[in-house]
Each structure stands twice: as structure tokens, then as C-alpha cells.
Amino acid sequence: MLDVQLLRSQIETVAARLASRGLTLDTSTFAALEDGRKSLQTRTQELQAKRNALSKQIGMLKGKGEDASAVLADVARLGDELKACEQALPGLLEKMEAFLLGLPNLPHESVPVGEDESGNVEVRRWGSPGSFDFEVRDHVEIGAGLGLDFDTGARLSGSRFTFMRGKVARLHRALAQFMLDLQTGEHGYTECYTPYIVNRDILVGTGQLPKFRDDMFWVLRGGDEQAGEQYLISTSEISLTNSVRDQVLPLDALPVKLTAHSPCFRSEAGSAGRDTRGMIRQHQFDKVEMVQIVHPEKSYEALEEMVGHAETVLQRLGLPYRVVALCTGDMGFSAAKTYDLEVWLPAQNTYREISSCSNCEAFQARRMQARFKNVNGKNELVHTLNGSGLAVGRTLVAVLENYQQADGSVVIPKALVPYMGGIEVLEPAL
RNA sequence: GGAGAGGUGGCAGAGUGGUCGAAUGUACCUGACUCGAAAUCAGGCGUAGGUGCAAGCCUACCGUGGGUUCGAAUCCCACCCUCUCCGCCA
């Protein structure tokens with residue numbers, strides 16, 4: 001959420017910065033809401049102050065045993081207008097809140113301006129795509145003999161679900177374990193296990209709600225028709241970041257660095273027809289997520305660091321990738337700046353997103369009321385960052401495709417061998 | 001699921017309709033005393049929001065949401081959470 005003070009004082013600047021994201025700020029709606037809010041709120045508070053003062057008088061008079069009927073009559077005169085104000089104000093404040101909750105974050109000044117992904121800027125490349133002296137197969141073909149079973153996934157749950165058995169299932173687990181060990185053991189993140197089902201407010205905190213409800217899976221508790229719905233997390237960023245909501249952290253607690261391996265559930269509304277083959281785009285996938293809660297002055301430093309943490313995973317696995325700075329038009333709702341990591345997929349002959357690292361600045365912190373005590377002893381909003389380290393399913397795809405052999409086997413990257421119980425090559429069963 | 005107890009400021013803990021945003025203790029900060037510290041003494045010390053150049057003034061907040069009342073931490077209703085015991089259960 002943007003700082004409402006900023007909108008009040010510099011609406012044109014805000015509008016210009018949002019325009020770079022392709023969003024037209026409805027300044028007249030804001031102005032109308034703000035005018036209404038200001039007059040109604042000040043009037044309400046004025047009447048409340050009068051009522052409180054008169055009520056105190058009544059208390060004093062009655063305490064002394066004197067007649068209070070005159071004051072009582074004064075208070076009664078406030079009645080109707082006060083009641084009307086107190087009834088109208090919450091609705092107006094909610095409208096204002098809803099307006100603010102629907103606005104995306106302001107892009108950082110260093111973000112390249114662009115309309116869509118074609119405006120993204122490649123920052124660097126690592127590794128070079130391998131050459132194959134045979135026709136490369138995609139992960140669907142390679143995986144078929146290794147236990148990667150899309151038919152069963154579809155039979156159980158429909159499209160965009162995958163069933164894995166045997167060696168591929170183990171490889172999938174090995175990848176997650178390896179990533180988690182790396183981020184906790186070498187990069188200083190605290191391993192977490194979080195709920196996968198969360199309350200509505202939690203999604204408002206990180207920005208999935210109210211605007212992107214269609215992207216979520218939501219659930220109802222058995223037997224209780226009255227209970228509100230809860231949501232399956234679409235990333236553990238949600239539960240990790242919200243772990244500091246409504247908190248005032250001591251200065252020396254920063255930075256908080258958290259990581260978790262979790263499933264992620266996404267309805268992929270609006271993605272019909274995209275990446276329908278294979279496990280690039282699934283309704284359920286695993287991810288090792290990194291989250292940092294940092295001092296506002298350190299957040300851009302932390303972003304660079306976090307990108308490095310994600311890159312390390314790809315480097316240890318020997319997977320070629322590039323780092324891309326997303327442009328204003330391609331960034332996510334909550335982000336002020338985002339780097340994507342794109343891994344080389346030989347079967348697609350292109351780089352595909354495998355990690356996304358974002359600095360959300362105070363955007364989420366303001367929604368969550370996540371603060372720290374600054375050097376002056378004042379409460380100040382933290383900055384939050386999140387990044388994938390990495391998406392496990394897509395990493396599995398990348399390993400299968402980049403390490404495939406002519407005979408259909410797949411060499412296990414050295415870093416994973418210990419996690420595979422010493423297995424160095426996956427041989428197809430068929 | 002059943003029975004009971006409870007949710008008040010960083011913590012502890014009072015407050016049962018009227019100058020209560022809340023006693024008191026403790027922690028913390030500032031000052032005094034001290035060579036320094038401890039002890040002691042004095043003062044300060046919640047959050048969000050509105051308004052104002054500012055000092056300040058004002059509003060809301062005692063688990064959450066409603067209600068009664070001129071006035072609610074206090075009374076009423078619903079819900080949530082925590083703890084204890086029992087049942088069930090991976």
C-alpha cells in the first residue's frame with residue numbers, strides 16, 4: 001500500500017510514476033474521496049469531542065448530586081448529526097482503503113521503463129548453453145522413462161498437476177533439500193515451516209488480495225458453512241513475510257532472513273493455453289523461498305545479495321542462466337524493483353524464469369503494520385524482500401533438459417549426488 | 001467434541017457505568033546524588049489517525065465484531081484465541 005500522505009501531497013508525481021507501470025491513476029476519484037473523507041472525519045471528531053466534554057459534565061454534576069437535565073438536553077441536540085456522521089464515516093474510510101489497496105507499488109528510480117517483458121533489461125549471463133550432438137528432448141519426453149507422469153496427475157486432479165514416482169520423485173526431493181541446505185547453511189537464512197492455509201488478512205498483507213483473488217485457491221472448513229474461506233498459499237513468501245506482521249522489531253533484530261520449502265498453489269487464471277505442456281506452469285509446485293525483513297536503508301543492498309543467493313543455486317547445479325531486471329510494465333504488484341533469473345532450457349532454446357527476487361520496500365510492511373524501533377526510538381516501517389531460491393519444479397525441468405544424454409539417461413549434477421544417495425546417473429526404465 | 005478458567009500498556013497486575021488511555025509495581029530513557037557504579041530521589045515512557053508552519057489540540061483503541069447508554073475496560077449478544085481436564089485422532 002502506498003503512503004496516503006504521499007497521495008495527498010504529491011498526487012501528480014505518484015500518478016506519473018504509476019503511469020510508467022501502465023496504470024492510469026484516477027486522480028479525480030481520489031480527490032473526491034479525500035474531500036469527502038476530510039470534511040466528514042473532522043466533523044465527526046468535532047462532534048465526538050463535544051459529546052465527550054458534555055458527558056463529562058454530566059458525570060461531574062451527578063457526582064455532586066446536582067441537576068444535569070440542561071446538559072443532557074445539549075447532548076441530545078448533537079445526537080442525530082453525530083449518529084449520521086458515525087454511520088457514514090466507516091464506509092467512506094473503507095472506500096478510501098479499498099482504493100489504496102488496489103494501487104500497485106511505485107517503481108524504484110533504477111527500474112528500466114517499459115511496457116511489457118520486451119522492455120526488460122538483461123544484466124548478466126552465467127555459463128553457456130551446452131551443445132548436443134543429438135536431437136534434444138524436452139523434459140516431458142526425458143521424464144517419461146524416469147517416473148514423471150502427467151497422465152496420472154491429470155487423472156487425479158486435472159490438467160497442470162503432475163505425479164512423480166521413483167527416481168524423478170527423489171530428484172525433486174533432492175533439489176529441495178539441496179536448496180534449503182544451501183540457503184540455511186551458507187547464506188544465513190533461518191529454516192521455517194509454515195502453514196499452507198492462511199486467513200484473508202494475510203493475503204492482503206503481501207498484496208495478493210483484494211486484487212488477485214482469482215489467482216488463488218481457497219478452501220472452506222468441513223461442516224462449517226459460516227466460517228469464512230481460507231486460502232492456499234501461492235508462495236511461502238506469504239507466510240514468511242507475514243510472520244512479522246503487527247510487530248515492532250528491535251533494531252538489532254534486523255535483518256530477519258527466513259527460508260522455507262513449501263508447496264505453492266496457483267489457479268493460473270488467465271493463463272489458459274500458456275505452457276500447457278510439461279511442468280513449467282502447474283497448479284501445484286514446490287519452491288524454496290527466501291524472505292528478508294530489513295532496515296529501509298539496506299533494502300537495495302539486500303536485493304543484490306538475495307539475487308546472488310538464488311544465483312548460487314544455479315551455479316552449483318551448473319545450469320546456465322541470465323539475470324534480467326524487470327521493466328516498470330512487467331513487475332509484480334507489490335514490487336518496487338525485481339530481478340528475474342532465467343535458466344537455459346535447451347528444448348525450448350531459450351531462457352525461462354526460474355526465480356524472481358523483489359524489493360517491496362515498505363509496500364507490504366504498511367499493509368502488515370510491520371515495523372522496527374529506529375535509532376530515535378520511533379516505530380518505522382521495515383522493508384521486505386522476497387525471492388525464489390529456487391522454484392523446484394522448474395529446476396527439475398532444467399536439470400533433466402540440460403543434463404540429458406543421447407541414450408535417454410540424465411547425469412546428476414555433482415552437488416546433488418549426495419542427496420541422491422550416491423546415484424550419479426538416472427537410467428530410464430523403458 | 002465435552003467441562004472449566006482466562007484474554008487490560010514491554011512484562012506483572014488493579015480497575016465493575018462517570019475527569020480511565022487506564023492505579024500500582026517492574027523494565028526502559030533522562031536528570032540529580034557518586035570518582036564511577038549500585039541504591040535512592042525527580043521527571044518521562046503505548047498505538048493508529050485527524051488537524052496545524054509549529055507548540056499543540058482533537059478522535060479512536062482495554063481479544064474481535066455488534067448492542068444498550070448522555071457516557072462502556074466495566075452491562076448485554078455473537079465470535080476468536082490461550083490454558084487445564086476429558087474424549088477422539090495422524
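Numbers restart at 1 for each chain; the letters A, B, ... are given by sequence-line order, proteins then strands. All values reported here derive from a predicted model rather than from experimental measurement.
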Quick one: do the A:Glu86 and A:Gln48 side chains pair a donor with an acceptor below 3.5 Å? yes
Mind checking the C1' distance from B:rU69 to B:rA12? Whole angstroms is fine. 33 Å
Rounded to whole Å, how long is the line connecting atom CD of A:Glu97 with atom P of B:rA60? 20 Å
SB check A:Lys83 A:Asp80 (cutoff 4.0 Å): no
Distance between P atoms of B:rG7 and B:rA60 (Å, rounded): 25 Å
Pick base, sugar-phosphate or nothing for A:Arg366, based on heavy-atom distances below 4.0 Å to the nucleic acid. nothing
Could A:Glu305 and A:Lys298 be called an ion pair, given the rule that one side-chain N must be under 4.0 Å from one carboxylate O? no
Which base, if any, makes a Watson-Crick or G-U wobble pair with B:rU74, both distances under 3.5 Å? none
Of A:Val75 and A:Val248, whose nearest nucleotide on RNA chain B comes first from the 5' end? A:Val248
Counting heavy atoms from C-beta on, name the nucleotide in B:rU47, B:rU59, B:rC70 closest to the side chain of A:Ser55. B:rC70
Measuring from the side chain of A:Arg8 (C-beta onward, heavy atoms only), which nucleotide among B:rA60, B:rA48, B:rU51 has the closest atom? B:rU51
Complementary nucleotide for B:rA42 - Watson-Crick or wobble, under 3.5 Å: B:rU30
Closest nucleotide among B:rG18, B:rU19, B:rA48 to the A:Gln369 side chain: B:rA48
What is the ring orientation for A:Phe217 with A:Phe265, classed by angle as parallel under 30°, tilted 30 to 60°, or perpendicular over 60°? perpendicular
B:rU26 and B:rG9, which share atom name C1', separated by this distance in whole Å: 13 Å
Atom C1', compared across B:rC79 and B:rC88: separation rounded to whole Å: 25 Å
Quick one: do A:Glu81 and A:Arg43 make a salt bridge, cutoff under 4.0 Å? yes
With a 4.0 Å cut-off, would you call A:Glu229 and A:Arg200 a salt bridge? no
Quick note, A:Thr42 side chain, CB onward, closest among B:rG18, B:rU51, B:rC58 is B:rU51
In whole Å, what is the span from the NZ atom of A:Lys83 to the C1' atom of B:rU69? 10 Å
Atom pair distance, as rounded to whole Å: CG in A:Asp74 and C1' in B:rC70: 11 Å
With sugar-phosphate meaning primed atoms plus P, OP1 and OP2, does A:Asn52 contact a base, only sugar-phosphate, or nothing at under 4.0 Å between heavy atoms? sugar-phosphate
Verify the contact: side-chain N or O of A:Arg371 to OP1 or OP2 of B:rG46, cut-off strictly under 4.0 Å; return yes or no. no
B:rU16 - base-pair partner by Watson-Crick or wobble geometry, distances under 3.5 Å: none
Need the pair for B:rU84. Rule: Watson-Crick or G-U wobble, both distances under 3.5 Å, any strand; none if unpaired. B:rA3
Taking the P atom in each of B:rA73 and B:rA23, what is the distance between them to the nearest angstrom? 14 Å
Rounded to the Å, how far apart are A:Gln57 CD and B:rU19 P? 14 Å
For B:rU68, the Watson-Crick or wobble counterpart (both distances under 3.5 Å): none
Say you pick atom C1' in B:rC57 and the same atom in B:rA72; how far apart are they, in whole Å? 25 Å
Quick one: is B:rU51 close enough that its OP1 or OP2 comes under 4.0 Å of any side-chain N or O from A:Lys38? yes
Could you state the atom-to-atom distance from CG of A:Leu72 to P of B:rG71 in whole Å? 10 Å
Looking across every strand, which nucleic acid part, if any, lies under 4.0 Å from A:Gln5 by heavy atom: base, sugar-phosphate, or nothing? sugar-phosphate
Would you mind reading off the distance between A:Leu61 atom CG and B:rC70 atom P, rounded to a whole angstrom? 16 Å
Taking atom C1' in both B:rG10 and B:rG65, what distance in whole Å separates the two? 27 Å
Does B:rC79 have a Watson-Crick or wobble mate here (both distances under 3.5 Å), and if so which one? B:rG63
Which base, if any, makes a Watson-Crick or G-U wobble pair with B:rA90, both distances under 3.5 Å? none
Between A:Arg51 and B:rC58, is there a side-chain N or O to OP1/OP2 distance below 4.0 Å? no
For A:Lys56 and B:rC58, give me the distance from atom NZ to atom C1', rounded to whole Å. 12 Å
Would you please classify the geometry between the A:His187 ring and the A:His309 ring as parallel, tilted or perpendicular, with 30° and 60° separating the classes? parallel
In whole Å, I'd like the distance from the CD1 atom of A:Ile58 to the C1' atom of B:rG18. 9 Å
Over all strands shown, is A:Leu54 touching base, sugar-phosphate only, or nothing at heavy-atom distances under 4.0 angstrom? nothing
For B:rA42 versus B:rA27, give the span between their P atoms, rounded off to a whole number of Å. 15 Å
Along RNA chain B (nearest heavy atom to each residue), the more 5'-positioned of A:Ala53 and A:Glu34: A:Glu34
Could you tell me whether the side chains of A:Tyr189 and A:Gln292 share a donor-acceptor contact shorter than 3.5 Å? yes
